[in-house]
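Below is one structure, written out as structure tokens, with a few remarks after it.
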Amino acid sequence: MALISRWKADFPVFTQSDQPLYYLDSAASSLVPKVVADASYQYLLNEHANSHRGFYPLSAQLTQRIEDIRAQVANFINAPSADNIIFNSGTTAGIHLVANGLNRLKSGSGNIVISAAEHHANLLPWQQIAENSDIELRVVPLAASGQVDMPMLERLIDDNTLIVAVTHLSNVLGVENPIASIGKLTRQHGAFLLVDGAQFAAHGKVNVQALGCDFYVFSGHKLYSGHGSGVLFASDVAIAELAPVVLGGGMVNSVSVSDSAWATGVRKFEAGTLNAQAIIALSAGLSYLKQAEAEGAHTYLAELTQFTLDKLSAFGGINIYSVQQSKPQSIISFNLERVHSHDVAMVLAEHHIAVRAGHHCAQPLHHCLGVGSTVRISLGLYNQAEDIEQLLVGLETCRQLFIAR
Ligand SMILES: Cc1ncc(COP(=O)(O)O)c(C=O)c1O
């Protein structure tokens with residue numbers, strides 16, 4: 001099986017230095033292909049203005065471009081309309097808007113259900129609400145599969161559940177949750193479903209209508225688009241119940257010193273100047289990803305993930321926390337027995353290998369795993385078998401340094 005990336009040459013970072021780079025940290029931020037950098041550069045040189053404000057061509061054209069990108073994003077996740085797409089700075093900002101803007105969470109009673117696998121971004125806002133009200137935070141444990149324990153979820157959701165907030169793909173385990181089933185259950189109890197799609201969006205086809213979710217959030221920087229962009233999908237029903245949290249320019253119909261009326265539609269959630277450069281980079285990143293998907297990216301990454309899992313298992317002395325699924329999903333967390341994850345990451349860095357070590361902003365999940373930290377490798381379009389072979393060389397050095405003495 002030839003696991004050589006057909007996309008690696010699209011990423012200039014690999015040729016800008018004499019030193020090799022084995023980048024295995026795409027779940028933190030994926031690298032940026034030249035087409036995305038070019039789109040940003042062209043925007044800054046030729047199209048930069050303030051959108052949604054001016055009548056002059058530069059501003060009006062940018063406004064139109066951003067609205068076209070809203071439609072492109074809607075298409076990317078199969079949202080019913082561009083009017084369901086809110087631009088912001090990332091997943092964290094999207095979850096904050098929901099947690100602080102949803103009317104039902106201001107009632108002061110009921111419960112919120114999350115899973116034990118959540119990134120802190122999808123835990124802390126709900127924890128805060130529970131601390132400051134009579135709303136109870138219920139945490140569903142994980143099954144042996146690494147997925148949300150569905151029988152437990154059925155027991156924890158009831159007619160007082162206000163919202164269920166779960167990750168689509170765990171940023172530690174690389175395990176995909178059965179979101180459509182969770183959506184069905186959630187609807188039976190009249191609760192909202194928020195899906196944290198920060199990791200999944202790069203690895204699978206998102207269809208918010210088939211998933212039956214009310215909110216879906218993701219970040220551009222994990223989608224080959226650079227930093228600064230994020231998307232919150234909200235269904236029509238959800239938008240009707242969501243109040244703006246950040247107030248200011250661009251989100252109003254009329255303002256007097258004593259009262260104000262918000263703009264209709266999603267613009268009321270986008271106060272202040274939009275980050276047009278990041279949105280244009282997002283558009284270029286999504287186009288790039290779509291093309292790569294058409295060229296077989298998902299299958300390639302699933303094969304490379306399986307190859308990695310097989311190599312790590314054969315290496316021995318490694319505890320792998322990621323559970324194998326029918327379609328392995330590019331994220332693998334592990335520990336080298338008796339070696340701290342930080343030591344592993346530092347030795348790997350000396351071998352030009354970039355990995356993440358620590359709790360990956362998912363401390364409760366690490367408590368469940370019974371470890372304080374793990375080493376995480378996460379794959380992107382540029383990765384290939386060579387990266388994994390180099391990883392094994394680095395791990396062998398760790399073994400020699402820390403164990404075989
Ligand atoms: C599952 C998950 N949720 C949320 C986030 C937060 O994303 P951001 O930092 O882009 O807001 C991350 C980032 O790693 C993540 O992996």
Side-chain angles (χ1 to χ4, degrees), residues 3-16 21-48 62 65-79 82 85 87-91 168-169 197-208 216-231 233 274-305 329-331 354 378-384 387:
L3 287 169
I4 297 172
S5 166
R6 63 187 288 173
W7 302 282
K8 186 169 179 174
D10 300 337
F11 292 80
V13 69
F14 291 110
T15 46
Q16 55 82 34
L21 171 62
Y22 305 96
Y23 191 78
L24 295 171
D25 199 19
S26 296
S29 282
S30 49
L31 300 175
V32 175
K34 185 168 184 303
V35 281
V36 171
D38 285 347
S40 281
Y41 183 64
Q42 285 309 322
Y43 161 74
L44 287 174
L45 281 188
N46 304 318
E47 299 165 71
H48 178 68
L62 181 60
R65 182 140 186 225
I66 288 177
E67 293 312 317
D68 290 346
I69 295 172
R70 211 186 285 280
Q72 179 192 4
V73 172
N75 185 269
F76 178 70
I77 58 171
N78 196 33
I85 303 299
F87 287 123
N88 54 36
S89 60
T91 305
H168 199 167
L169 181 72
Q199 294 300 339
F200 187 85
H203 297 297
K205 184 89 197 88
V206 180
N207 183 338
V208 290
Y216 195 96
V217 278
F218 60 95
S219 306
H221 70 98
K222 299 183 198 290
L223 293 165
Y224 307 99
S225 303
H227 289 148
S229 68
V231 170
F233 156 80
L274 278 175
N275 188 342
Q277 186 188 349
I279 292 171
I280 283 169
L282 174 68
S283 168
L286 293 185
S287 301
Y288 179 79
L289 183 58
K290 195 170 172 192
Q291 176 65 30
E293 284 171 1
E295 292 164 353
H298 289 160
T299 308
Y300 174 77
L301 284 174
E303 283 175 7
L304 189 59
T305 310
Q329 293 278 23
S330 303
I331 297 175
S378 49
L379 306 174
L381 290 168
Y382 24 74
N383 289 123
Q384 44 192 16
D387 298 301

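All residue numbers refer to positions in the sequence shown, counting from 1. As the structure is a computational prediction, the values presented were derived from the model and not from experiment.
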Checklist entry - If every non-hydrogen atom of N75 is compared with every non-hydrogen atom of K205, which pair is closest and at what distance? => result O-NZ, 4.3 Å
Next on the checklist: Let me confirm one number: the CG-CD1 distance from L24 to I331, rounded to the nearest 0.5 Å.
Outcome noted: 12.5 Å
Next on the checklist: Regarding K290 and E293, does a basic nitrogen lie under 4.0 Å from an acidic carboxylate oxygen?
Outcome noted: no
Checklist entry - Q384 side chain to S5 main-chain N or O, any donor-acceptor pair under 3.5 Å? => result yes
Item to check | Distance (rounded to the nearest 0.5 Å) between I280 CD1 and R65 CZ | outcome: 4.0 Å
Item to check | Nearest heavy atoms of I4 and Y300, plus distance in Å | outcome: C-OH, 3.5 Å
Next on the checklist: Would the distance check show the side chain of Y382 and the main-chain N or O of F14 forming a donor-acceptor pair, the cut-off being under 3.5 Å?
Outcome noted: no
Checklist entry - For the residue pair S225 and A281, what are the closest heavy atoms and their distance? => result O-CB, 3.3 Å
Next on the checklist: Any non-hydrogen side-chain atom of D25 less than 4.5 Å from a side-chain atom of S378?
Outcome noted: yes
Checklist entry - Is there a side-chain contact between Y23 and F11, using heavy atoms and a 4.5 Å cut-off? => result no
Checklist entry - Is any side-chain heavy atom of I69 less than 4.5 Å from a side-chain heavy atom of L286? => result no
Item to check | Check: A27 main-chain N/O paired with Q199 side-chain donor or acceptor under 3.5 Å | outcome: yes
Checklist entry - How are the rings of F200 and H168 set relative to one another: parallel (under 30°), tilted (30 to 60°) or perpendicular (over 60°)? => result parallel
Checklist entry - Are the side chain of K8 and the backbone of N383 linked by a donor-acceptor contact shorter than 3.5 Å? => result no
Next on the checklist: Which label fits F218 and F76: parallel for a plane angle under 30°, tilted from 30 to 60°, or perpendicular past 60°?
Outcome noted: tilted
Checklist entry - Distance-only, no hydrogens or angles: does the S219 side chain make a donor-acceptor pair with backbone N or O of T91 under 3.5 Å? => result yes
Item to check | Polar side chain donor-acceptor pair, Q72 to S287, under 3.5 angstrom | outcome: yes
Next on the checklist: To the closest 0.5 Å, what do you measure between CD1 (I85) and OH (Y216)?
Outcome noted: 11.5 Å
Checklist entry - Of all heavy-atom pairs between A284 and V36, which one has the smallest distance, and what is that distance? => result C-CG2, 3.8 Å
Checklist entry - Where do V35 and D10 land on the side-chain contact (heavy atoms from CB on, under 4.5 Å) test, with the steps shown first? => result CA-CA 8 Å; V35 281; D10 300 337; over 6 Å; no
Item to check | Distance, nearest 0.5 Å, that separates CD1 of I279 from OG of S40 | outcome: 11.5 Å
Next on the checklist: How long is the straight-line distance from OG of S229 back to CG of L223, given to the nearest 0.5 Å?
Outcome noted: 8.0 Å
Item to check | Main-chain N/O of L381 paired with Y224 side-chain donor or acceptor, under 3.5 Å | outcome: yes
Checklist entry - For the side chain of S30 and the backbone of H221, is there at least one donor-acceptor N/O pair under 3.5 Å apart? => result yes
Checklist entry - What heavy-atom pair brings A28 and K222 nearest, and what distance separates the two atoms? => result O-NZ, 2.9 Å
Next on the checklist: Minimum heavy-atom separation for N78 and V208, please, with both atom names.
Outcome noted: O-CG2, 3.6 Å
Item to check | CD on Q277 to CG on L44, rounded to 0.5 Å | outcome: 4.0 Å
Item to check | Non-neighbouring partners of Q291 that pass side chain to side chain contact (heavy atoms under 4.5 Å, CB included), sequence neighbours left out | outcome: E295
